[in-house]
Amino acid sequence: MRDPSAIVGNSTGWAPFTCERWRAERVREVSGLAQHPYLPAGDRPELVPPSFLSAQYVDAFALGVPDAPARLNGGNACRWLAEVRVGDALERTSTVVDAEVKSGRTGRLELYTIETVYRRAGSGSARTPTTGSPGAAPPSIRGRTTRRR
């Protein structure tokens, strides 16, 4: 049987990511945040909802996480360091930071923790020092993907 910890440290490298309006609208609809500052108003684009970046797809296969009959998201945590608005050009990278094996009622469970870091496109810095207000950008989002085998 393969050792899940063998993929800890695998990373996607930096890739472009644009905060597209249709994605922000979809997250806003399901989160119930149809209010200021998450709605268009005036000449500035609206802020993306707080859960926007954590709701984006991370290609676990590209990180080496094996396929499974069931994949579950065990939760997300976000840390906002700057505002992110619809239309903002960002870069992101995802890294497997932990792998754990547990025994469940139906057999072996492999738990992978994937950290995704966002930064402003072209900034070269993953940490943008600004306020930690709720409408600010999370350079660090951790998601846990559960694999049952």
Does some side-chain heavy atom of [Y] sit less than 4.5 Å from a side-chain heavy atom of [X]?
| X | Y | answer |
| --- | --- | --- |
| Tyr118 | Arg92 | yes |
| Val101 | Leu111 | no |
| Glu110 | Pro66 | yes |
| Tyr38 | Val48 | no |
| Glu20 | Glu25 | no |
| Glu83 | Leu47 | yes |
| Ile114 | Thr95 | no |

Closest contact, heavy atoms only, Ala55 versus Val27: CB-CG2, 4.0 Å

Exercise: identify the closest heavy-atom pair between Val84 and Cys19: CG1-SG, 3.4 Å

Check ion pair Arg120-Glu91 (N to O, under 4.0 angstrom): no

Polar side-chain atom of Thr12 near backbone of Ser94 as donor-acceptor pair, under 3.5 Å: yes

Whether Arg108 side chain and Lys102 backbone form a donor-acceptor pair below 3.5 Å: no

Donor-acceptor side-chain pairing of Ser31 and Ser51 below 3.5 angstrom: no

